[in-house]
Structure formats: structure tokens, C-alpha cells
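In what follows, a single structure is set out as C-alpha cells and then discussed.
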Amino acid sequence: MDTSKVKELLNQINSILEVDSVGMHEIYDNRLHPVYTTDNPFCSVEQWKSKHAKFKVKVSEEPSLKRIMNKEIVCIEDTSSNPESSKEFFEFGIKSLVVFPMIKNNKVIGLVTCISISKQKTFKKEKIVQAENKIKEFCETL
């Protein structure tokens, strides 16, 4: 993937949803593989990749990721009270998030995570749709 285009997409999504960080992961071998994350004061790109390498999240074992693989958008506005919240959300300090599937040729190839660390966030439906459309446009160019 073209890193400059990935950065551009993630920054656009960040502007739409106004979150602390937006990251992209590829999905293969039943695992998340981090591609890139926007700059944020909570975690550098290197720290983010290192944490993911440590966790080795299995897609087939996480309820929210199973939904992503079914091409659903996952929105959790309060991770502390949602049963789909994985332990990794707490390791990253995530209070709220929206996760979008990246779909190419009718197959989920990755995901885009939009997280709030500093506070719980309510996500507006029209902003989620706007971000989803940007991700769909990006996936059409892959």
C-alpha cells in the first residue's frame, strides 16, 4: 500500500471524526497486521506497532473483529461497559472507538480504527457515513 495515500486517508478520517488517533491494519493469517497510525500524544507509531506485535490478536477470537469480518462497522462509545471490548482496548487506553472494515472484491482485507483515548466520545451517524465513504473510495483504488 502507498504509505502517502494511507496517511492522507487516515488524516481525512481523523478530521471527520475528531478522534485522538486513526490506524490502519491489514488482516491476513487470522491476525491484525498494523500498517500505520496517525500521530498522537499517547503512542508513537513504533510503540503502536510494538504493542500489536506483543498482543498478536486473533481475528476469529474477538467478537468485535468477527463483526468486522462480516463487513459491519463496530462503534463502541464506552469500552468500559461494552462486552465486545477486548483487553487490548484497555492496554491502549481506548475509551471509545469506531472500526471500519476495508473491503476489496467483496473480501475484508483490513480495518481502520478510530479511537478516543482522552475521553469517551459519541459518534454522529452522518460522520460515520462520511468516514465510511472515504474508506470505500480508498479501497476502490487498491
Do E62 and S64 meet the criterion of a side-chain donor-acceptor pair at a distance under 3.5 Å? no

For L10 and Y36, the nearest pair of non-hydrogen atoms, with its separation, is CD1-O, 3.5 Å

CD of E8 to CG of D2, rounded to nearest 0.5 Å, is 9.0 Å

Heavy-atom count around K71 NZ within 6.0 Å, excluding the residue itself: above 12? yes

Determine whether W48 and F92 make a side-chain contact, defined as any pair of heavy atoms from C-beta on separated by less than 4.5 Å. yes

pair F100-L111: side-chain heavy atoms closer than 4.5 Å: no

If we only count heavy atoms from C-beta on, is the V99 to R67 side-chain gap below 4.5 Å? no

Shortest non-hydrogen contact from D78 toward S80: OD1-OG, 2.5 Å

Given side-chain contact (heavy atoms from CB on, under 4.5 Å), test I13 with C114 step by step and report yes or no. CA-CA 8 Å; I13 300 300; C114 308; 3.5 Å; yes

Are E132 and K136 close enough for a salt bridge, meaning some N to O gap below 4.0 Å? yes

Measuring centre to centre across the rings, with the benzene-like ring taken for any Trp, is H52 within less than 6.0 Å of H33? no

Are more than 12 heavy atoms, taken from residues, nucleotides or ligands other than K51, located less than 6.0 Å from that residue's NZ atom? yes

Would you check if P101 and I73 make a side-chain contact, meaning some heavy-atom pair closer than 4.5 Å? yes

If you define the side chain from C-beta out and look only at heavy atoms, does anything of F89 sit under 4.5 Å from I115? no

Write down the atom of K104, the atom of C139, and the distance for their closest heavy-atom approach. CD-O, 3.2 Å

Side-chain H-bond candidate by donor/acceptor type, N82 with S85, under 3.5 Å: no

Minimal non-hydrogen separation, F42 against D20, with atom names: CE1-CG, 3.8 Å

So do the side chains of E91 and S86 get within less than 4.5 Å of each other, counting heavy atoms only? no

Exercise: identify the closest heavy-atom pair between S21 and T38: CA-OG1, 3.4 Å

Please say whether the positively charged group of K5, taken as NZ for Lys or CZ for Arg, lies over the ring of F138, i.e. under 6.0 angstrom from the six-membered ring centre and within 45 degrees of the axis. no

Taking the side chain as every heavy atom from C-beta outward, state whether I27 and L32 have any atom pair closer than 4.5 Å. yes

Is there a side-chain contact between I109 and E26 in this structure, where contact means two heavy atoms from C-beta onward sitting under 4.5 Å apart? no

Which is it for T113 and H25 under the side-chain contact (heavy atoms from CB on, under 4.5 Å) test, yes or no, and what are the steps along the way? CA-CA 8 Å; T113 57; H25 303 77; 3.8 Å; yes

Go through the steps to decide whether E84 and I76 satisfy the test side-chain contact (heavy atoms from CB on, under 4.5 Å), and finish with yes or no. CA-CA 8 Å; E84 284 192 345; I76 301 175; 4.2 Å; yes

